[in-house]
Amino acid sequence: MKFSLGLLVLLLGAALVAADRDYEGYRIYEVIPSTIDQAKLLHQLSFEGFDFLSESRLLGHPSQVIVSPEQLEQFQQLLEAHQIDSSVVNSNLGASIAEEFAQRQMQRLLSPITGKGRLSNERYYNHEEIINYIDDLAKRYPHRVYVKTVGWSYEKRVLKTITITNGDGKAGKKVIFLDGGFHAREWISPAAVLYVIDQLVEQFEQNAHLLQDYDWVILPLVNADGYEHSQTGTLARMWRKTRQPYNYAGQTCYGADPNRNFAFHWNEEGASSNPCSDTYAGPTAFSEPETIVVRDLMHSLADRGIMYLTIHSYGNYLLYPWGWTSDLPDNWEDLDAVARTGAEAIENATGTVYTYGSSTNVLYIAAGASDDYGYYAGFNVSITMELTGAGSIGFNPPVTRIDEFVTETWIGIRAMAEKLLEMY
Ligand SMILES: *[C@@H]1O[C@H](CO)[C@@H](O)[C@H](O)[C@H]1NC(C)=O
Ligand SMILES: *[C@@H]1O[C@H](CO)[C@@H](O)[C@H](O)[C@H]1NC(C)=O
Ligand SMILES: [Zn+2]
């Protein structure tokens with residue numbers, strides 16, 4: 001390896017612990033590797049405490065990484081020494097977070113919680129509002145919609161699925177299982193899932209063909225605790241994990257990465273055993289009550305499971321198994337055809353380009369993720385969708401653009417469901 005390990009060791013000292021912080025003076029860099037050595041070097045940083053908001057292994061594809069004031073000088077030296085193409089996309093993350101919160105406070109005054117009827121795409125909702133919304137849909141559409149309590153988060157927030165049918169009463173239809181909100185800070189994920197619910201329930205006539213042969217089971221918010229935590233204030237905005245406390249070397253660090261906590265090649269690659277890391281796999285597989293809920297849903301639905309789809313942010317990717325190895329599953333051509341259809345439909349409609357492929361071959365190897373588990377559990381197709389990023393923080397577009405992003409996401413999801421109808 002040509003790159004300087006000396007610099008990496010220096011950087012190690014400034015490792016970022018997953019904790020609440022104000023991000024004052026932190027920058028977001030976009031880095032674009034053009035050689036394999038550069039890509040390897042950048043990837044190494046993700047093990048040295050650098051928080052990557054989006055990270056691809058494809059040469060020429062941008063990744064975004066947070067750099068603290070303490071890390072800055074060495075990081076810049078590293079970029080220079082290895083001539084890595086880079087630009088600063090945010091020169092003070094803390095200021096952007098503060099600004100976003102101020103806008104959010106205002107928005108709440110302008111569009112207060114009603115808990116009734118269609119949620120607008122004008123702001124991001126909290127756990128209670130999301131639960132109220134699906135409960136209300138079940139009351140208004142009792143023939144087509146069914147809400148079920150499927151468990152509780154670590155902090156005892158209720159987790160509910162909404163099952164959407166066409167009301168013909170036929171049992172045993174194939175199932176599309178959709179979830180969102182695995183990672184707390186990715187607020188656009190539950191927003192996009194709520195829009196899917198709206199389309200399938202309120203815009204039923206236009207989408208009846210998607211409910212003819214399939215029922216949709218949707219868990220809009222997996223990591224309810226983390227999501228609520230990320231909404232408590234500016235310090236918590238970048239929270240990613242769940243909220244169960246773990247002790248480590250005399251300190252308490254919170255949460256595991258729910259998308260590294262599944263018992264399929266658990267903690268083999270691309271996850272951390274350190275509870276203070278953002279990619280902590282947990283002390284054991286399924287240590288988190290939230291991932292147990294998803295696991296049990298998968299097993300209960302798998303014999304009818306046509307597709308498992310999980311919504312994350314960001315980077316514009318449609319990814320399929322495997323994530324634990326660079327090998328491809330037997331029916332990878334089917335998976336590829338579904339992902340390609342979603343990407344094409346979005347590009348045709350909006351011009352946004354999604355990259356598709358297997359997780360390991362597009363991103364980096366990462367074991368214990370829910371898409372691998374869903375495929376292993378028996379879903380014929382399993383896809384992780386990383387939505388478009390926008391705005392100064394990336395994970396959630398400014399509220400003025402939610403509508404644009406969730407409608408784009410729906411175009412891709414609808415096209416993938418239509419492709420499945422052709423295939424199976
Ligand atoms: C999954 O694929 C297999 C093989 O093509 C097929 O027999 C099975 O019916 C499919 N599962 C569902 C739920 O459609
Ligand atoms: C996208 O547009 C191309 C060119 O018009 C067309 O061949 C293709 O079927 C479209 N794909 C989808 C999924 O809409
Ligand atoms: Zn995510």
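Counting starts at 1 for both ligands and their atoms, following the listed order.
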Going by atom types only, do Y29 and Q76 share a side-chain donor-acceptor pair under 3.5 Å? yes
Suppose the cut-off is 2.8 Å; how many protein N/O/S atoms fall inside it around the Zn ion (ligand 3)? 4
Does atom 14 (O) of ligand 2 have any protein heavy atom closer than 4.0 Å? yes
N361 side chain to S326 side chain, donor-acceptor N/O pair below 3.5 angstrom: no
Which residue and heavy atom of the protein sit nearest atom 8 (C) of ligand 1, plus the separation: N380 ND2, 3.8 Å
What is the nearest protein non-hydrogen atom to atom 5 (O) of ligand 1, stated with its residue, atom name and distance? Y424 CE2, 4.1 Å
Any atoms of ligand 1 less than 4.0 Å from a non-hydrogen atom of I306? List them with their elements. 12 (C), 14 (O)
Could you tell me if the ring centre of Y246 sits under 6.0 Å from that of Y280? yes
Please confirm whether Y214 and H209 have ring centers closer than 6.0 angstrom. no
With respect to T341, determine whether any N or O atom, backbone or side chain, lies less than 3.5 Å from an N or O atom of ligand 2. no
Which protein heavy atom lies closest to atom 9 (O) of ligand 2, and at what distance to 0.1 Å? E344 OE1, 4.3 Å
Can you find an N/O atom of K174 closer than 3.5 Å to an N/O atom of ligand 1? yes
Distance only, no hydrogens: is a donor on one side chain within 3.5 Å (strictly under) of an acceptor on the other, for T360 and S358? no
Using a distance-only test with no angle check, is there a side-chain donor-acceptor pair under 3.5 angstrom linking Y308 and S370? yes
Between R240 and D257, does at least one N-O distance fall below 4.0 Å, as a salt bridge requires? yes
Is any side-chain heavy atom of I28 less than 4.5 Å from a side-chain heavy atom of V65? no
Please confirm whether R243 makes a cation-pi placement over Y154, using NZ or CZ under 6.0 Å from the six-membered ring centre and within 45° of the ring normal. no
My question is simple, although I want it checked carefully: is atom 2 (O) of ligand 1 less than 4.0 angstrom from any protein heavy atom? yes
Less than 6.0 angstrom separating the ring centers of W266 and F286, yes or no? no
Just need the protein heavy atom nearest to atom 12 (C) of ligand 2, so name the residue and atom and give the distance. N348 ND2, 3.4 Å
